[in-house]
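Note sheet for the following structure.
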Amino acid sequence: MNIPAQYDPSLTEDKWYAHWLEAGHFHSTPDDREPYTVVIPPPNVTGVLHMGHMLNNTIQDVLVRRARMQGKNACWVPGTDHASIATEAKVVRRLRDKGIKKSDLSRDEFLGHAWEWTHEHGGIILEQLKKLGASCDWNRTRFTMDEGYYKGVIDTFVEFHEKGLIYRGVRMVNWDPVALTALSDEEVIHTEEHGKLYYVRYAVLGEEDRWITVATTRPETIMGDTAICVHPDDERYKDLVGKKAVVPVVNREVPIIADDYIDLEFGTGCLKVTPAHDMNDYELGQKHGLPTIDTINADGTMSAEAGSYEGMDRFECRKKFPEELERLGNLVKVEDYTNKVGRSERTNAVIEPRLSLQWFLAMEELSKPALEAVMNDTVQFHPPKFKNSYRHWMENVKDWCISRQLWWGHQIPAWFYGVGEDEYVVARTEAEALEQARAKTGNAGLTMDDLRQDEDVMDTWFSSWIWPIQVFDGLHKEDEVAYYYPTNDLVTAPEIMFFWVARMIISGYHFRGEAPFKNVYYTGIVRDKKGRKMSKSLGNSPDPIDLMKEYGADGVRVGMLLTSPAGNDLPFDDKLCEQGRNFANKIWNASRLVQGWEVDEAKAQPEAAATAVAWMEARSQQAMEELDAQFAGFRLSEALMTTYRLVWEEYCSWYLESIKPPFGEPIDGATKKATLVLFERMLKLLHPFMPFLTEEVWHWTSERKGFEDDLCVASWPERSAFDRDLLDQIELAKEIVTGIRNIRNDNGIANKEKLELKVQAGDGYPVHLEAWIAHLTNLSGVEHVTEKVKGAFGFVLGTHRFSVPFGDGFDIDAERAKVQKDLEYQQGFLRSVRGKLSNEKFVSGAPEQVVENERKKEADALAKIAVLEEKLADLS
RNA sequence: GGGCAUUUAGCUCAGCUGGUUAGAGCGCUACCUUGACAUGGUAGAGGUCACUGGUUCGAGUCCAGUAUUGCCCA
């Protein structure tokens, strides 16, 4: 076989992905096996793959592929999210580019455009995931607005409404004046921004030249003031409480009230209370029975209540209004000020707290079992540090505003039959709604034309929170959900712990009485080299598809996982993918080597090879033991590193070098056979991380007859007892090898030149490994001696002493310096050990085992020092 | 402002219940090319474990404080 020296992923990846699909390896149906289920965090339907997806889905695929090989019925359910606000914003933008305004369209016309966009761009991201090798069950692909799913969302709404948990209410909400919709708290991003703090004085009614001064960052809301508030203990203003102040410009008389909410230190200690435009003021207003005057329209312009400013943008008004205050003598001073400003996650518009009538879901009772489940580890968080913030949020959970003033999404199934805000019914279908409305009104003549459905849609998360149930149509039928639910592992970003994870656990308990998954693995944020979050606007995110073209999907997968412990940010660097690609190439070449060996069945197995086989057998078992622990703890980076070192360092650098026959010679049958067994084990361990390359070379190692022989569905290697003593002995033998190589290196002795080794063996010297050592270091022979060897390079390991007789012209000074350095190290070591042993308290206080250990170290160090001193004397 | 984390080699990270003068990968340095792979091999250098105090026979590991960086919440 003529195989190129370099691995070319483009020749294998598409081929094997198509092969796996054809074989149906990723498709799952319920059977007798233990299920292993993962539901994908559904990406936005019109999104494209970014580095965050790459990380997230690589992790999921590693877990799923490993489970599949372990004989579980692995089911990874893919799908997409309709992403109400994000998608609608994109559609609006596209229509605007075509010169169409959303307001010129009917709801149905707009939805037509949105569906068109969805069909055009939807699913691109799923195709991209296939390039990554994601082993999803594509037959199960769901969309949060496909027919069955839509129905599930509506049913959920109706059920909670029937239980009295969904209600309508006037609340202060986060209003996005650009998207013209309410947002949940989680969709608002707070950042520090520079602004100004305006000091404005209000005349106190009935007192000559008495003023009360407030500090505000939002002077444009002054016209909506309905009180001035001071702290009840504030001596400065005590006598003013109960009096009235006059709001400048609009000349409204408002009460001066007292409340301990006020921060004495902030500004002047006086607060203007504007219940219509500030969350806290609203609560103060409720508490003190203040009127609410709304001076800002939904689109962010000033309302009729703002008098001559009507129609002016709120930020323009913020500039103009203080000018009028100054003319009137009410503006005291203006300071520069930095404060937190909330902006819409989607449109970046400054959020306007706004009173509006919205739909809410009462959360307090619902969330209790979900809090409990995480705190008692029924649902385990990885890493567990996230339990803290989860608890904090769940203990302070607020009612969920689930309505959005958008068109793209699940329309709220409420129909109004009258003009009053309470004159509505909630139903699964129009027919049901009509029936209910007739019953409620007693008017049997009511028709659909008399009903008007609520214009709003539901928050996107109100559909994705039932994802682990409804991807199996679990709200409507039991067959599949009973088998696959609860799912096993969820892999997601901590940013959406509240949006999504917490709510899935809540809905899981509500609908199925148990949590939707057992483990939640939180990935970190992918950052660039400078530590910045990767984002489209910064343009610092590489295109994953380009990366996969350059380094291969396997290379990128390895790159993503190399430095990403759970919950830690991933400082991404192309270098990591390069490392992954190099690793792929290494495996490729190791395969080439093994593949190329001719076998001579008559040839006896060399002792060195037999040793190597026994050692590699034990070493790979030991690595599998480590891997199991690492996977159990979701320490995937460590698991990858364990596999990486096992394959590269131990299998390639030590094992293959140990068994390699001399150039041009065949290998003996026993060694070749054992090597193939070991190599297949390596491929299995590698497969979850590097599926394409491993599947390719898997098919070289032996004849594969059908789909069932694919590595993708091969059985995970079985654990068995292994020879730990041999592993320890080999570690010592490796040090001997290194010692001899060092002598060659330091003295410029070529590898071809045979050397003689003389050994003064101490206790536990691994004499049976000598053939192996000799093979790796090209020795002419090993001689055991009892006397010290003169005229030789030497090194000491434990109580064993090794010498290599000098050849011609060696550097005696360099050798002496080396011995001297070693001696100093040993003397320092001895001092530290003796420091402990001479400490009365250590000897009496520390456990016997520990003291014993120190005594042994002391003895070893003394022996080594004696040898080194002797050696030094020889050299002088 | 409140809460939670972080701080160990040039970089990215391990180091579990305190007990080898601290480990890995990458990078770096030296040497090595007819031989699986230079996307490689062999070897090497590199750390007062953020700082200050404390507990202990013994602290990277526990406690307190300070500083640092980051995240979440208000």
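A, B, ... follow the sequence lines: proteins, then strands. Residue 1 opens every chain.
- One interatomic measurement links the two molecules: CG of Asn396(A) to P of C4(B), which rounds to 14 Å at whole-angstrom precision.
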Produce the list of close N/O pairs, under 3.5 Å, pairing protein atoms with atoms of nucleotides 27-34 of chain B; give distances to one decimal.
none

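- When the nucleotides A14(B), U20(B), C4(B) are ranked by their closest atom to the side chain of Lys857(A), U20(B) comes out on top.
- His699(A) pairs by the side-chain hydrogen bond (donor to acceptor under 3.5 Å, both in side chains) definition with Glu695(A), Asp710(A), not counting sequence neighbours.
- Looking at residues two or more places apart in sequence or on another chain, you find no salt bridge (Lys or Arg N to Asp or Glu O under 4.0 Å) involving Glu550(A).
- Listed pair Trp588(A) / G40(B) fails the phosphate criterion, with no side-chain N or O lying under 4.0 Å from OP1 or OP2.
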Side-chain donor/acceptor pairs under 3.5 Å, residues 626-633 of chain A, sequence neighbours excluded:
unit_1: Asp628(A); atom_1: OD1; unit_2: Arg66(A); atom_2: NH2; d: 3.1
unit_1: Asp628(A); atom_1: OD2; unit_2: Arg719(A); atom_2: NH1; d: 2.6
unit_1: Gln630(A); atom_1: OE1; unit_2: Thr642(A); atom_2: OG1; d: 3.0
unit_1: Gln630(A); atom_1: NE2; unit_2: Thr642(A); atom_2: OG1; d: 3.1

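- Between Trp700(A) and Trp588(A), the gap from one ring centroid to the other is short of 6.0 Å.
- Residues that satisfy the side-chain hydrogen bond (donor to acceptor under 3.5 Å, both in side chains) test with Thr694(A), not counting sequence neighbours, are His687(A).
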(message) Using side chain to side chain contact (heavy atoms under 4.5 Å, CB included), reason through Phe634(A) and Gln380(A) one step at a time and then give a plain yes or no.
(response) CA-CA 11 Å; Phe634(A) 287 87; Gln380(A) 269 188 281; over 6 Å; no
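- Applying the salt bridge (charged side-chain N to carboxylate O under 4.0 Å, His left out) test to pairs two or more places apart or on separate chains, those with a residue in residues 730-745 of chain A are Glu650(A)-Lys734(A), Glu731(A)-Lys734(A).
- Residues passing the salt bridge (Lys or Arg N to Asp or Glu O under 4.0 Å) test with Asp259(A) are Lys287(A), sequence neighbours excluded.
- Listed nucleotides: C4(B), G25(B), A74(B). Nearest to the side chain of Asn388(A): C4(B).
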Listing time: all N or O pairs from protein to nucleotides 67-70 of chain B that are below 3.5 Å?
none

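- Defined by atom type and a distance below 3.5 Å, a donor-acceptor pair is missing between the side-chain atoms of Thr492(A) and Trp500(A).
- Summary of the strand contacts: Phe583(A) and His392(A) both lie near RNA chain B, and taking for each the nucleotide with the nearest heavy atom, the more 5' one is attributed to Phe583(A).
- Taking atom C1' on both nucleotides, G23(B) is separated from A14(B) by 7 Å, rounded to a whole Å.
- Side-chain polar atoms of Gln622(A) and Arg619(A) form a donor-acceptor pair below 3.5 angstrom.
- Looking at heavy-atom distances under 4.0 Å, Gln6(A) makes contact with a base.
- You'll find that the side chain of Ser653(A) is closest to G41(B), out of G41(B), C37(B), C73(B).
- Of the candidates A43(B), G41(B), C26(B), A43(B) carries the atom nearest the Arg741(A) side chain, counting heavy atoms from C-beta on.
- Residue Tyr644(A) places at least one side-chain N or O closer than 4.0 Å to OP1 or OP2 of C26(B).
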(request) Please lay out, stage by stage, how Leu593(A) and Lys660(A) fare under the test side chain to side chain contact (heavy atoms under 4.5 Å, CB included). (result) CA-CA 9 Å; Leu593(A) 175 68; Lys660(A) 206 187 241 180; 4.2 Å; yes
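- Heavy atoms of Lys387(A) sit nowhere under 4.0 angstrom from any nucleic acid atom.
- Residue Asn742(A) places its side chain closer to G44(B) than to any other of G44(B), U20(B), C37(B).
- Across C13(B) and C73(B), the matching P atoms stand 23 Å from one another, rounded to whole Å.
- Contact annotation: side chain of Lys385(A) to base of C4(B), donor-acceptor pair absent below 3.5 Å.
- Each of Arg635(A) and Thr738(A) was assigned the nucleotide of RNA chain B with the nearest heavy atom; the assignment lying further toward the 5' end belongs to Arg635(A).
- Across all strands shown, Arg645(A) has heavy atoms under 4.0 Å from sugar-phosphate atoms exclusively, and none from any base.
- With sequence neighbours left out, the side-chain hydrogen bond (donor to acceptor under 3.5 Å, both in side chains) criterion links Arg354(A) to no other residue.
- For the side-chain hydrogen bond (donor to acceptor under 3.5 Å, both in side chains) test, no residue two or more places apart in sequence or in another chain qualifies with Tyr651(A).
- Ion pairing between a basic and an acidic side chain is recognised when a charged N comes within 4.0 Å of a carboxylate O; Lys549(A) and Glu13(A) show no such pairing.
- Residue-level contact check: Glu657(A) touches the bases, meaning some heavy atom is under 4.0 Å from a base atom.
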Within the sub-3.5 Å range, which N or O atoms of nucleotides 57-60 of chain B have a protein N or O partner, and how far apart are they?
unit_1: C57(B); atom_1: O2'; unit_2: Asn839(A); atom_2: ND2; d: 2.6

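- Candidate nucleotides A5(B), G25(B), A36(B) were compared by shortest atom distance to the side chain of Glu649(A), and G25(B) ranks first.
- In RNA chain B, consecutive stretches of 3 or more Watson-Crick or G-U wobble pairs with both distances under 3.5 Å are given as paired ranges: B:1-5 with B:69-73, B:10-13 with B:23-26, B:28-32 with B:40-44, B:50-54 with B:62-66.
- Under 4.0 Å is where a charged nitrogen must lie from a carboxylate oxygen, and between Asp377(A) and Lys387(A) at least one such pair does.
- Rounded to an integer number of Å, the gap from Lys586(A) NZ to G25(B) P is 14 Å.
- Within the 4.0 angstrom heavy-atom criterion, no nucleotide atom of any strand lies near Trp597(A).
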